[in-house]
Amino acid sequence: GAITRAIGNNLTTGHGQGKIVQVVFANPGNYSTTLNYNSTSLTPAAQLQITAKSLNSHFLIKWSAVHGRSGNGRSQVMFTKAYTAGNNNYADNNYLFYDHYGLYHEATNWKGATSYSYYDNGSTLAVGASQTYYVFLGRIGSSGTDEANNQRIQVLEIAQWL
């Protein structure tokens with residue numbers, strides 16, 4: 001009998017719905033900033049590009065680091081899939097995930113291992129198209145320095161068709 005398209009696609013590509021198609025990762029260098037979260041001068045603490053191997057995949061972004069803060073105050077954490085130098089991704093509502101209290105500290109210095117994840121089910125990438133994910137850190141409030149040491153960023157591509 002005839003092979004349905006869904007079965008035929010699985011036989012030729014091996015990417016069934018919900019299966020991890022690929023994993024890309026990087027270990028960015030240490031990052032440090034004294035800039036506030038609303039600064040248009042912020043640069044990404046980490047970034048990673050992935051090229052889709054499956055149509056309309058979802059992506060799981062994971063970032064971990066030893067996140068530190070010197071001085072009293074709060075630090076933001078933000079994930080985006082767009083970045084233009086000189087723009088404020090937060091004010092433009094151009095972000096996937098944002099936490100105003102990514103790190104809150106009321107002493108002179110704090111460091112701790114942390115990890116954030118975000119599931120991006122809003123991408124509509126064609127096979128061979130690329131997407132870059134970014135992680136931003138930045139101060140809120142009083143003076144001090146935000147830092148991320150021993151960073152790791154991973155992006156998992158998850159197939160969405162049968």
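Below, all heavy atoms of this structure are taken into account, side chains as well, without hydrogens, waters or symmetry copies. These numbers were taken from a predicted model, which means no experiment stands behind them.
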Original post:
Heavy-atom distance under 4.5 Å between the side chains of His67 and Asp146, does that happen here?
Top reply: yes
**OP:** Check whether any side-chain heavy atom of Gln151 sits under 4.5 Å from a side-chain heavy atom of Tyr31, and report yes or no.
**Re:** yes
Subject >> Ser54 to Val21 - nearest heavy-atom pair and separation >> reply: CB-CG2, 4.0 Å
**OP:** Search all heavy atoms of Ser117 against all heavy atoms of Lys62 and return the closest pair with its distance.
**Re:** OG-CG, 3.6 Å
Original post:
What orientation do Phe59 and Tyr133 show, parallel under 30°, tilted 30 to 60°, or perpendicular over 60°?
Top reply: tilted
Original post:
Would you say the side chain of Tyr119 lies within less than 4.5 Å of the side chain of Leu60, judging by non-hydrogen atoms?
Top reply: yes
Original post:
Between atom CD of Gln76 and atom CZ of Arg139, what is the distance when rounded to the nearest 0.5 Å?
Top reply: 11.5 Å
Subject >> Separation of Asn150 CG from Asn30 CG (nearest 0.5 Å) >> reply: 6.0 Å
Original post:
Taking C-beta and beyond as the side chain, do Val135 and Tyr116 meet within less than 4.5 Å on heavy atoms?
Top reply: no
Subject >> Minimal non-hydrogen separation, Ala52 against Ala126, with atom names >> reply: CB-O, 3.6 Å
Original post:
Just by modelled atom types, is the Ile50 backbone N or O under 3.5 Å from a matching donor or acceptor in the Gln22 side chain?
Top reply: no
Subject >> Gap separating the OG1 atom of Thr40 from the CG atom of Asn87, nearest 0.5 angstrom >> reply: 8.0 Å
Original post:
Which pair of non-hydrogen atoms, one from Ile20 and one from Leu156, has the smallest distance, and what is that distance?
Top reply: CD1-CD2, 3.7 Å
Subject >> Tyr83 side chain reached by Phe136 side chain, heavy atoms, under 4.5 Å >> reply: yes
**OP:** Using atom types as modelled and distance alone, determine if a side-chain donor or acceptor of Gln47 lies under 3.5 Å from a backbone N or O of Thr132.
**Re:** no
**OP:** Output the distance between atom OG1 (Thr124) and atom CG (Asn121), rounded to the nearest 0.5 Å.
**Re:** 11.5 Å
Original post:
Where do Thr33 and Leu42 come nearest, in terms of heavy atoms and distance?
Top reply: OG1-CD2, 4.0 Å
Original post:
Any idea which heavy atoms bring Tyr134 and Pro44 closest together, and the distance?
Top reply: CD2-CG, 3.6 Å
**OP:** Kindly compute the distance separating CZ (Arg152) from CG (Leu48), expressed to the nearest 0.5 Å.
**Re:** 10.0 Å
**OP:** Taking atom types as modelled, find out whether Thr145 and Thr34 have a side-chain donor-acceptor pair closer than 3.5 angstrom.
**Re:** no
Original post:
How about Ser75 and Leu137: do any of their side-chain heavy atoms sit closer than 4.5 Å?
Top reply: no
Original post:
Ser123 and Lys81: side-chain donor and acceptor closer than 3.5 Å?
Top reply: yes
